[in-house]
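Quantities reported herein were computed from a predicted structural model and do not represent experimental measurements. Reminder, nothing fancy here: chain letters follow the sequence lines and each chain counts from 1.
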Amino acid sequence: MRIAPRPSRSSTAMDPHYQPKSLEPAVQKQWADTKAFLAPDDSPKPKYYNVGMLPYPSGKLHMGHVRNYSINDALAHFLRMKGYNVLQPMGWDAFGLPAENAAMANGVPPAKWTWDNIAYMKKQLQGLGFSIDWTREVATCSPDYYRWNQWFFLRMREKGIAYRKTGTVNWDPVDQTVLANEQVIDGKGWRTGATVEKREIPMWYLRISQYADELVDALDGLGWPEQVKQMQRNWIGRSYGVEFTLPYAPETAARMADGKAGLKVYTTRADTIMGITFAAVAAEHPLAAEAAKSNPALVAFIDECKKGGVMEADLATMEKKGMPTGLFVLHPFTKEKVEAWVGNYVLMGYGEGAVMAVPGHDERDFAFAKKYGLAIKPVIDVDGQAYSTDAWQPWYEEAGVCVNSGKYDGLAQQAAIDAVAADLSAMGLGDKRKQFRLRDWGISRQRYWGTPIPMILCPACGDVPVPDDQLPVVLPEDLVPDGSGSPLAKSRAFYECQCPTCGGDARRETDTMDTFVDSSWYFFRYTCPDAAAMVDARADYWMPMDQYIGGIEHAILHLLYARFWTKAMRDMGLVKVDEPFRNLLTQGMVLNHIFSRRTAKGGIEYFAPEEIEPAVDAEGKVIGALLKSDGSEVEYNGIGTMSKSKRNGVDPQDLIDRYGADTARLYVMFASPPTDTILWSDSSVEGSFRFLKRLWKLVHDHLAAGGPVAARASGDLPKPLKDLRFKLHRTIDKVGDDYGRRLQFNTAIAAVMELLNAMTDAHDASPAGRAVAQEVLEGAVLLLSPVVPHVCTALWAELRPGSALIAQPWPEVDPSALVQDTVVLVLQVNGKLRGQLEVAAAATKDEIEKLALASEAAVKHMEGRPAKKVVVVPGRLVNIVA
RNA sequence: GCCCGGGUGGCGAAACCGGUAGACGCAGGGGACUUAAAAUCCCCAAUCCGAAAGGGUGUGCGGGUUCGAGUCCCGCCCCGGGCACCA
């Protein structure tokens, strides 16, 4: 069947011009009519489950999406050609903050905004012609989906995986609302400009720490980039250290009414224990509160510590400040008094809110001690180097041998740690302990547009779960947030309810779930989108996912939460897999310039690059910027990820409208390897379009000169045709390797370009020449079809009338075409390129060495010196050292 | 600050396991075709010296290992991603 529209005046020829505007919709219609990409839930073929991270429906696709799903789609097509039953679904990460922000900006309820965006972006994805099974579409904001978030939350609560405790949030004192980290800029609220404060509120947590060991250990077996596995290992941060108590000094113990014997601390460097010179506690620590009772300056300092947000990056870079409390703990061994300080860098939520300080061997403690004139006591000797308290040296932190440490003197690190732990244990003060950096996952959000947490607070019965038969707790869709607190907490219709246990008046939980909950298991739901339960047996067929593709920015949080959730589902008997994602490809970010300025209120507003006239210095670096509309100055913030909030996304629609989907896809795939970060530029899109036009013309001219050639060339071919077939089959081999193993598409496309260049150079109108040309063109079309499926579908229909591209297998390499008589080696003298050497493919090292030494170039550049050494790398080069 | 990446011509990049640095393409220059333009096709093109042949230099910076380093090691600089409430 022909896809290309045929000009009416010609009866035999294909359209001489490449016309994507009419061609692409026709091909897409054919795919839709034949339900070409619906994946059956059983098949004699091996299954291949291929997913791109689901998009947030922000309004329009951006280039990052095009890149992401073009990679997925190329793999989907390739694996289909390789004989797999491929499932490629799509869905929407439809809850989240931007919908509430949009609602505040223009008064549209988040639900309408979200569903409109989904409809538009779905049309864009369909216009790009991705081979998606749309019958499995999932939107996380639909009650059919999020009811299972609620259902599973209740199961986790029953097993003690979900629990309640307090956590620290950013509080905007003007809007009286909790802010996301993104909404805190330089410690101030983005809309009010008010200084943000830390506030402790009760929240629901998921005990991911219970799975910490398995989450680290199972990384080894995953086909993930080493870099991502390393990030997760570091994030989970399993360490083997010592936990012990620094007992309160007698007068301090008398004042402390916390029922504890002292400060509990954890260290991986117990070998430095004799170097303790002070301790530090968080501002919220009971010890700080006790000390503050009689110390107004300390009260002021504690208040100051509460200023600012909760972001780790801010806490780690801010100036370390502290104040002595006048309260003391005892060194566990020497019984010396050690003063407790309040430190602004110690957080109550982490560990016990207290740390021991060894300024001699910890850089942060060292800086703190220098600042406040505290003692620095070196207790580790590293290779006899001289310690000086004048300035920090990196080796102070290295492992060495104990000195100034009494009975531990002379012990190496591990022996010292073992001895210290044994002694602490004997004294009943502590012991060795495995610890993780990973903290439990707080899922409560004081927001509207998310999954309601299915709990009811009854004055008589306490926390009561919503009974399963009353799920889902439906989120009302008609509310509009105003920026001051959660609309749910203000909606009586939502929160007024009866206690399921006693029937009395009760209040529904108004917090919603973190949207990472939604994205932690959607890939299970794709396999059985209409299941009456959370999942059914179809998940066992499709999972684990064979290939997951998404941005590197998800390397830790999303991927870790999804792994945890999967294990929790497994332990609940819902699924069989231990790990959800067998192979992972993390694509690089698509970056663009960012422009912003402060608003009158002290908040921040962003401008799209097209609204800006940048000022550029002599080297082309952006140094300033003006707003086009009124010429006012805006700030240049450098380059960063395309995002809705920073308004620097690029909508691919212009590109698609102008050149077609295939050109847009070819462009993003050809621009760089998928894992590279790219700075957006459309300056070479024209070249991708030109290549498709050229491909079209090559096929057209070939067919116009005598129609398709049915049979392969046979018998002895002249050298140029033999060489061309060699090139074709080497290209088939390379492209298959690039798609299947390397997941690198730019080099695959370049290889096909080279092949077509070679075909043009070797143009031969003889029957044998036309037969080889037919073979090359068919090969090129098959090789490119995963990337540009529309044009290849049309070209295939011309090259092989009556046959459909979609039914074609991946081309086979003809081994006989790859046989070569001679190879060309590079000739080096003293490592410098001095010539080339053509030798028989079967030549031995000795023969090659003789030929090399006898060659004119070698003789000339050896200048009469004898060869000291000859290095022969078979198939590559000869290097003569003279 | 901590963890993980990256830096190669005017630009995007290639070089996969230590073996010809710059494939392929963009932009550019020259030419063909055309009344002209567009489109298309052909040629040139890292850089410096040279008419050419040829030679020198060159993969962010400084050292090192090696017959040979873009690739490995040590020390820096700059850029990007993540840092637990953006998704």
Side-chain angles (χ1 to χ4, degrees), chain A residues 17 53-56 58 93 96-98 101 167 169-170 178-184 225-228 230-231 233-235 237 309-318 320 345 363-364 438-447 514-516 519 551-558 560-561 586 588-589 591 620 638-641 643-646 670-673 675-679 681 683-688 690-691 693-694 697 737-738 741-742 744 746-747 749-754 757 760 824-828 830-833 836 868-871 873 875-881:
Chain A
H17 301 291
M53 289 181 187
L54 85 177
Y56 180 80
S58 58
D93 190 13
L97 206 47
N101 295 334
V169 296
N170 303 305
V178 175
L179 295 179
N181 284 338
E182 178 186 57
Q183 298 171 318
V184 179
E226 199 47 51
Q227 147 209 15
V228 176
Q230 192 57 41
M231 281 191 260
R233 276 187 206 106
N234 293 343
W235 182 262
V310 299
M311 269 178 286
E312 163 86 11
D314 289 349
L315 297 170
T317 50
M318 74 186 176
K320 308 287 179 294
Y345 60 95
E363 186 169 8
R364 210 173 50 173
L438 178 68
R439 309 198 300 262
D440 278 343
W441 175 13
I443 59 159
S444 294
R445 298 292 179 269
Q446 299 68 44
R447 283 185 231 303
D514 181 2
T515 56
F516 275 126
S519 54
I552 182 68
E553 76 274 24
H554 295 296
I556 295 175
L557 294 181
H558 161 59
L560 193 63
Y561 291 146
T586 44
M589 304 280 76
L591 310 180
I639 52 178
T641 315
S643 78
K644 173 111 185 146
S645 62
K646 294 195 171 140
F670 184 57
S672 74
T675 51
D676 276 18
T677 296
I678 54 176
L679 177 57
S681 151
S683 61
S684 60
V685 175
E686 196 70 43
S688 296
R690 203 178 298 152
F691 174 70
K693 281 196 288 189
R694 183 159 166 251
K697 189 165 179 290
D737 187 50
D738 279 351
R741 178 181 64 89
R742 296 217 296 158
Q744 187 162 302
N746 55 329
T747 46
I749 295 162
V752 178
M753 287 175 171
E754 274 189 71
N757 289 345
T760 307
V824 175
L825 302 183
V826 160
L827 176 65
Q828 294 182 337
N830 290 333
K832 294 210 184 216
L833 178 65
Q836 294 192 324
K868 285 186 222 150
K869 183 173 179 181
V870 181
V871 181
V873 183
R876 284 276 181 184
L877 60 65
V878 186
N879 185 19
I880 299 168
V881 185

For N757(A), report the nucleic acid contact type (base, sugar-phosphate, nothing); a contact means any heavy atom under 4.0 Å.
-> sugar-phosphate
Could you measure between the two P atoms, the one in rA27(B) and the one in rC11(B), and give it in whole Å?
-> 15 Å
Rounded distance in Å between the P positions of rA45(B) and rA53(B) | 10 Å
Between rU20(B) and rA14(B) - C1' atom distance, rounded Å | 13 Å
Scan every strand shown for a Watson-Crick or G-U wobble partner of rC41(B), both distances under 3.5 Å, and answer none if you come up empty.
-> rG31(B)
Measure from the side-chain heavy atoms of L877(A) and tell me the nearest of rC26(B), rU20(B), rC4(B).
-> rU20(B)
For V169(A), which contact category applies under a 4.0 Å heavy-atom criterion: base, sugar-phosphate, or nothing?
-> base
Watson-Crick or G-U counterpart of rU8(B), or none if no pair lies under 3.5 Å = none
Answer with base, sugar-phosphate or nothing: what part of the nucleic acid does F670(A) contact at a heavy-atom distance below 4.0 Å?
-> base
Counter-base of rA15(B), judged by Watson-Crick or G-U geometry with both distances under 3.5 Å | none
Which value, in whole Å, describes the distance between the P atoms of nucleotides rG7(B) and rC72(B)?
-> 11 Å
rU65(B) - base-pair partner by Watson-Crick or wobble geometry, distances under 3.5 Å | none
Which sits closer to the 5' end of RNA chain B, L833(A) or K320(A), going by the nucleotide each is nearest to?
-> K320(A)
Under 4.0 angstrom, heavy atoms only, what part of the nucleic acid is G237(A) near: base, sugar-phosphate, or nothing?
-> nothing
Where do K644(A) and S58(A) come nearest, in terms of heavy atoms and distance?
-> NZ-O, 3.1 Å
Since syn is defined as within 90° of 0, does rG9(B) count as syn or as anti?
-> syn
Closest approach of T675(A) and T586(A), non-hydrogen atoms and distance?
-> CG2-O, 3.4 Å
Rounded distance in Å between the P positions of rC17(B) and rC26(B) | 29 Å
C1'-based separation of rA46(B) from rG22(B) [nearest Å] | 7 Å
Going from CG on D514(A) to OG on S519(A), what distance comes out if it is rounded to the nearest 0.5 angstrom?
-> 8.0 Å
Measuring from L179(A):CG to E182(A):CD, what's the distance to the nearest 0.5 Å?
-> 11.0 Å
Quick one: which protein N/O atoms are closer than 3.5 Å to N/O atoms of nucleotides 76-83 of chain B? Pair and distance per line, please.
unit_1, atom_1, unit_2, atom_2, d
rG80(B), OP1, I639(A), O, 3.3
rG81(B), OP1, T641(A), N, 3.1
rG81(B), OP1, T641(A), OG1, 3.0

Using the P atoms only, state how far rA69(B) lies from rU59(B), rounded to an integer number of Å.
-> 11 Å
Using a 4.0 Å heavy-atom cut-off across all strands, classify V178(A) as base, sugar-phosphate, or nothing.
-> base
With a 4.0 Å cut-off on heavy atoms, is S672(A) in touch with a base, just the backbone sugar-phosphate, or nothing at all?
-> sugar-phosphate
Can rC11(B) be described as syn, meaning its chi torsion is within 90° of 0, or is it anti?
-> anti
Heavy-atom pair with the smallest gap, counting every atom of L825(A) and G875(A) | CD2-C, 3.5 Å
OP1 or OP2 of rA15(B) under 4.0 Å from side-chain N/O of Q744(A) | yes
For rG68(B) versus rA21(B), give the span between their P atoms, rounded off to a whole number of Å.
-> 14 Å
Determine the contact category for P673(A): base if any of its heavy atoms lies under 4.0 Å from a base atom, sugar-phosphate if only primed atoms, P, OP1 or OP2 are that close, otherwise nothing.
-> sugar-phosphate
Length of the line joining E754(A):CD and rC24(B):C1', which is rounded to integer Å = 6 Å
Respond yes when some side-chain nitrogen or oxygen of K832(A) is under 4.0 Å from OP1 or OP2 of rU57(B), and no when none is.
-> yes
Nearest heavy-atom neighbours spanning A180(A) and L97(A) = CB-CD2, 3.7 Å
Can you name the residues that form a salt bridge (charged side-chain N to carboxylate O under 4.0 Å, His left out) with D440(A), not counting sequence neighbours?
-> none
Taking Q183(A) as the fixed residue, which of V178(A), N170(A), N101(A) is the one that meets the side chain to side chain contact (heavy atoms under 4.5 Å, CB included) rule?
-> N101(A)
Integer-rounded Å distance: rG68(B) C1' and N879(A) CG | 6 Å
Between CD of E226(A) and C1' of rC3(B) the distance, given in whole Å, is 14 Å
With a non-hydrogen cut-off below 4.0 angstrom, is F691(A) in contact with a base, only sugar-phosphate, or nothing?
-> nothing
To the nearest angstrom, how far is N830(A) atom CG from rG55(B) atom P?
-> 14 Å
Using the closest heavy atom to pick a nucleotide of RNA chain B for each, name whichever of V824(A) or I749(A) lands nearer the 5' end.
-> V824(A)
Side chain to side chain, L438(A) and W235(A), heavy atoms closer than 4.5 Å | yes
Considering non-hydrogen atoms only, spot the tightest contact between I639(A) and L679(A) and give its length.
-> CG2-CD1, 3.7 Å
Looking at every strand, decide which applies to R742(A) at a 4.0 Å heavy-atom threshold: base, sugar-phosphate, or nothing.
-> base
To the nearest angstrom, the CZ-C1' distance between R876(A) and rA21(B) comes to 13 Å
For nucleotides 36-46 of chain B, read 5' to 3', which letter fits each nucleotide if B means a protein heavy atom sits under 4.0 Å from the base, S means only the sugar-phosphate is that close, and - means neither?
-> ---SSSS----
Given atom CD of Q230(A) and atom C1' of rC2(B), what is their separation to the nearest angstrom?
-> 14 Å
Touch check for V826(A), heavy atoms < 4.0 angstrom, all strands: base, sugar-phosphate only, or nothing?
-> base
Y561(A) OH - rC86(B) P separation (whole Å) | 10 Å
Does the pair E226(A)/R233(A) count as a salt bridge with the N-to-O cut at 4.0 Å?
-> yes
Does rA14(B) have OP1 or OP2 sitting under 4.0 Å from an N or O in the side chain of N746(A)?
-> yes
Would you indicate, yes or no, if rC4(B) has its OP1 or OP2 atom less than 4.0 angstrom from a side-chain nitrogen or oxygen of N234(A)?
-> yes
Check the side chains of T641(A) and E553(A) for a donor-acceptor pair under 3.5 angstrom, ignoring hydrogens and angles.
-> no
Apply side chain to side chain donor-acceptor pair (under 3.5 Å) to T747(A) and D738(A), showing your working.
-> CA-CA 7 Å; T747(A) 46; D738(A) 279 351; 3.0 Å; yes
Length of the CG-P vector between D738(A) and rA23(B), whole Å | 17 Å
Check every strand shown and say whether L97(A) touches a base, only sugar-phosphate, or nothing at a heavy-atom separation below 4.0 Å.
-> sugar-phosphate
